[in-house]
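Notes for the one structure printed next.
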Amino acid sequence: QAQLVESGGGLVQFGGSLRLSCAVSGFTSDYRAIGWFRQAPGKEREAVSCISSSDGTTYYADSVKGRFTISRDNAKMTVYLEMNSLKPEDTAVYYCATRPRYLTSSYYCGPAHFGSWGQGTQVTVSS
């Protein structure tokens, strides 16, 4: 099973930016797709963005389209989430996770379709 470590979270003001990193190590044969997810207090975990490790196909939640960008560095086994124009509603714990199968549609960019998870990093956006 792969090990994932998120970093880059923190406190930022409305309209600010953050860059999250997800470093993958260990049993990486399930590194077919990486997803970023978030969970706010009292809410279910939701998908933010996913990327296929093969062809770089990406998917985004409607709420972050145009503001967030997911990217990958396969040589470093690291996936990034560039977050711009942050809003208070983006406040959540952000997790990355791997999927042992490639993404074939946006349907699979959901928490139920991902296996190995990191511990999460807190993102707080003040108004």
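The first residue of the sequence shown is numbered 1, and numbering continues consecutively from there.
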How far apart are the closest heavy atoms of [X] and [Y], and which atoms are they?
X      : Y      : answer
Ala47  : Gly110 : CB-CA, 4.3 Å
Cys109 : Leu103 : N-CD2, 4.3 Å
Ala92  : Ala40  : CB-N, 3.8 Å
Phe114 : Ala33  : CE2-O, 3.9 Å
Val24  : Ala2   : CG1-CB, 4.0 Å

Spacing of [atom1] belonging to [X] relative to [atom2] belonging to [Y], to within rounding of 0.5 Å:
X     : Y     : atom1 : atom2 : value
Glu6  : Cys96 : CD    : SG    : 4.0 Å
Ser49 : Met83 : OG    : CE    : 11.5 Å
Ser25 : Gln3  : OG    : CD    : 5.0 Å
Asp90 : Phe68 : CG    : CZ    : 4.0 Å
Thr98 : Ile34 : OG1   : CD1   : 5.5 Å
Leu11 : Leu18 : CG    : CG    : 9.0 Å

Do [X] and [Y] belong together in a cluster built from hydrophobic side chains that touch within less than 4.5 Å?
X      : Y     : value
Ile70  : Met77 : yes
Tyr107 : Tyr60 : no
Val79  : Leu4  : yes

Check your understanding: Does atom CD of Glu44 have more than 12 heavy-atom neighbours from other groups under 6.0 Å away?
Key -> no
Review point. Is the number of heavy atoms from other residues, nucleotides or ligands under 6.0 Å of Gln119 CD greater than 12?
Key: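 For Gln119, atom CD is not crowded (no more than 12 foreign heavy atoms under 6.0 Å).
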Review point. For Lys65 and Asp62, what are the C-alpha separation, side-chain angles and deciding distance, and is it a salt bridge (charged side-chain N to carboxylate O under 4.0 Å, His left out)?
Key: CA-CA 5 Å; Lys65 281 181 181 177; Asp62 288 343; 3.2 Å; yes
Is there a side-chain contact between [X] and [Y], using heavy atoms and a 4.5 Å cut-off?
X      : Y     : value
Trp36  : Ile51 : no
Thr124 : Val12 : no
Glu46  : Arg38 : yes
Ser85  : Phe14 : no
Val123 : Leu20 : yes
Tyr102 : Ser53 : yes

Check your understanding: Of Tyr95, Tyr94, Trp117, which is the lone residue that meets ring-ring contact (aromatic ring centres under 6.0 Å, His included) with Phe37?
Key -> Trp117
Check your understanding: Any side-chain donor paired with an acceptor under 3.5 Å for Asn84 and Ser17?
Key -> yes
Exercise for review: Taking Arg99 for its side chain and Arg101 for its backbone only, find out whether a donor-acceptor pair lies under 3.5 Å.
Suggested key: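 Looks like yes, one N/O pair under 3.5 Å.
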Practice item. Without swapping roles, check the side chain of Thr78 against the backbone of Lys76 for a donor-acceptor pair under 3.5 Å. Key: yes
Review point. Should the pair Arg19 and Tyr80 be classed as cation-pi, given the thresholds of under 6.0 Å to the six-membered ring centre and 45° from the axis?
Key: yes
Check your understanding: Where does the angle between the aromatic ring planes of Tyr108 and His113 fall among parallel (under 30°), tilted (30 to 60°) and perpendicular (over 60°)?
Key ->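 Tyr108 vs His113 ring planes: perpendicular.
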